[in-house]
Number of protein chains: 2
Amino acid sequence: MPTGKPAVPSVWARQRNKREQPALSQDRIVAEAVRLLDEEGIEALSMRSLGTRLGAGATSLYRHVASKDELIELVVDEIYGELEVPGESGAPDAWRESVAACAGSLRAMILRHPWAASVLGQVGLAELGPNLTRQSERMLALFHRAGFPAGEADRAMNTVIAYVIGMTVSEAAYLSMLARSGQSEQELMEGLRRVAEEAVRDLPLLREGYDERAGEDPSRLRDEGFAYGLERFLDGLQARLDALGAH
Amino acid sequence: MPTGKPAVPSVWARQRNKREQPALSQDRIVAEAVRLLDEEGIEALSMRSLGTRLGAGATSLYRHVASKDELIELVVDEIYGELEVPGESGAPDAWRESVAACAGSLRAMILRHPWAASVLGQVGLAELGPNLTRQSERMLALFHRAGFPAGEADRAMNTVIAYVIGMTVSEAAYLSMLARSGQSEQELMEGLRRVAEEAVRDLPLLREGYDERAGEDPSRLRDEGFAYGLERFLDGLQARLDALGAH
DNA sequence: ACGCCTATGCGAACACCGTACGCTAGGGTG
DNA sequence: CACCCTAGCGTACGGTGTTCGCATAGGCGT
């Protein structure tokens with residue numbers, strides 16, 4: 001008789017159901033999903049695995065989350081909540097430091113959750129969760145106070161966000177490849193170097209760069225590369241501010 | 001007897017096998033994959049569907065491609081081949097136009113293949129296919145000729161690539177959401193506006209921006225936003241060049 | 001001309017995925 | 001007490017990437 005067994009409610013299940021909590025909630029699900037993603041990466045996130053971690057069946061999640069896609073949107077907005085956007089900091093010409101701090105915080109957030117790299121391109125900034133909108137508003141205020149006129153502040157903001165995300169996503173993708181490979185960064189770079197050697201043989205400029213960076217600390221190089229671009233960027237924005245000021 | 005039927009070789013199959021081509025090749029597979037992605041998007045790409053389009057069984061592809069992941073790497077490198085990087089253009093102070101042309105070409109490429117947005121974050125720039133390395137070398141030459149010293153040219157290049165990719169990926173994600181929704185851009189924006197209205201009620205700056213852009217042509221706004229950031233960026237790089245020149 | 005060898009295609013099968021559906025149990029409300 | 005509504009779950013379906021072993025056919029050595 002294939003009709004379902006009565007879904008035998010073990011004492012534990014009954015106890016859990018009884019009281020304590022609703023046992024499952026969108027917040028719990030999203031929080032656990034972030035933990036799972038941090039620990040095991042994007043490929044390990046399935047409704048079944050997430051359900052198991054929550055001591056629940058896979059399909060139970062659908063009572064609180066419409067689909068896996070929606071779950072991912074929620075997860076992305078969740079980590080946007082970790083951003084630290086400086087508030088009113090008095091001096092309006094401190095905008096450079098404030099924006100740099102923002103950028104650094106965004107980069108740190110993505111590197112803390114490297115799986116975000118594979119997911120930001122699908123979600124985009126289009127889906128506006130509460131955290132993202134809140135942080136955007138705060139960040140926009142930075143540019144307003146810096147002196148950008150209304151129609152330009154959001155462009156300036158989008159511009160620096162785009163830079164940070166583009167830069168960091170590529171870092172994160174590299175790091176997650178590194179993690180997948182199971183090698184140390186030294187080993188991987190040596191391997192890449194060997195593989196690339198032939199391809200790069202007649203590409204002198206790339207080769208030059210390769211050699212130049214050979215002995216350096218990769219993590220420091222990444223930090224410096226990020227800072228370099230950010231400085232150029234802020235210089236350009238500052239120049240624009242000056243031009244506006246001189247109208 | 002469950003052992004396979006002799007896989008009856010229809011006349012057609014025999015004919016096709018006989019001559020013409022090896023019938024399947026990595027190039028054919030990659031090219032068809034790009035076509036499929038352009039026409040039906042990233043979700044429609046499966047080994048089975050791609051095999052069908054090629055008149056082949058799904059598993060036949062594995063003779064020419066190690067895995068779907070590798071296929072995606074190949075596909076990404078394939079479209080990098082579409083980039084147009086200006087070569088020797090005489091005047092070394094034409095670097096601004098050259099880099100801007102590069103950036104525009106990269107943006108156009110991504111917008112031509114919007115699925116790239118969801119894929120660039122997974123592949124990153126880490127996997128260096130022949131096209132990507134070749135184009136990087138050419139682009140690097142631009143910065144060298146502009147006057148950036150060896151250790152800085154690649155940073156400058158990565159910086160502007162990061163900006164372009166970050167900016168365009170977010171555009172592409174938005175556009176693909178638009179396409180999925182099946183609405184016109186006007187309708188979608190009106191819908192978003194209504195949904196966002198309440199959330200944005202007490203976020204005056206975001207609201208201001210929303211209202212300001214209400215009647216404008218979205219496509220032109222995107223172009224202008226991209227150009228705005230790029231100009232700021234190039235200004236910053238130019239300033240750096242000047243500082244270097246004055247050493 | 002024959003027979004082997006290797007490269008190529010493919011069908012079946014496996015493990016896993018997202019998710020629709022209908023059932024159950026239990027607490028809250030009349 | 002009877003009722004309903006909600007949260008959880010077992011089952012099942014269609015689809016996925018990939019493995020494996022078999023069938024085939026062309027090229028090559030003899």
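Proteins get letters first, then strands, A, B, ... in listed order; numbering begins at 1 in each.
With hydrogens and angles ignored, a donor-acceptor pair closer than 3.5 Å exists between the side chain of Arg48(A) and the base of dG18(C). At a cut-off of 3.5 angstrom, the base of dG18(C) holds no donor-acceptor pair with the side chain of Thr59(A).
A straight line from CG of Leu24(B) to C1' of dA7(C) spans 13 Å, rounded to a whole angstrom. For Leu54(A) and dA7(D), the CG to P distance is 16 Å, given to the nearest whole Å. The CG-P distance, from Leu71(B) to dT18(D), rounds to 10 Å in whole Å. Rounded to a whole Å, the CD atom of Gln26(A) is 16 Å from the C1' atom of dT6(D). Taking atom CG of residue Leu50(A) and atom P of nucleotide dC16(C), one finds them 17 Å apart after rounding to whole Å. Remark: P of dT16(D) and CD of Glu43(A) are 19 Å apart, rounded to the nearest angstrom. For Tyr62(B) and dG21(D), the OH to C1' distance is 17 Å, given to the nearest whole Å. Distance, Lys68(B) NZ to dT18(D) P: 8 Å, rounded to whole Å.
Proximity of His64(B) to the phosphate of dG9(C): a side-chain N or O atom is located under 4.0 Å from OP1 or OP2. Residue Ser60(A) places at least one side-chain N or O closer than 4.0 Å to OP1 or OP2 of dC9(D).
Judged by closest nucleotide on DNA chain C, Met47(A) is the one of Met47(A) and Arg63(A) placed further toward the 5' end.
Between Leu71(A) and Leu50(A) there is a side-chain heavy-atom pair separated by less than 4.5 Å.
Residue contacts for Leu61(B): at a heavy-atom cut-off of 4.0 Å it reaches no nucleic acid atom on any strand shown.
A search for side-chain contact (heavy atoms from CB on, under 4.5 Å) contacts involving Glu185(B) returns Tyr174(B), Leu178(B), Met189(B), Pro218(B), Arg222(B), not counting sequence neighbours.
Each salt bridge (charged side-chain N to carboxylate O under 4.0 Å, His left out) pair with one or both residues in residues 39-62 of chain B, not counting sequence neighbours, appears once here: Glu32(B)-Arg53(B), Glu39(B)-Arg53(B), Glu40(B)-Arg53(B).
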Check against side chain to side chain contact (heavy atoms under 4.5 Å, CB included), Ser170(B) and Ile165(A) | CA-CA 10 Å; Ser170(B) 117; Ile165(A) 289 190; over 6 Å; no
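For Ala23(A), taking side-chain heavy atoms from C-beta onward, the closest of the listed nucleotides dG8(D), dT19(C), dG17(D) is dG8(D).
With no hydrogens or angles considered, no side-chain donor-acceptor pair links Arg155(B) and Asn158(B) at under 3.5 Å.
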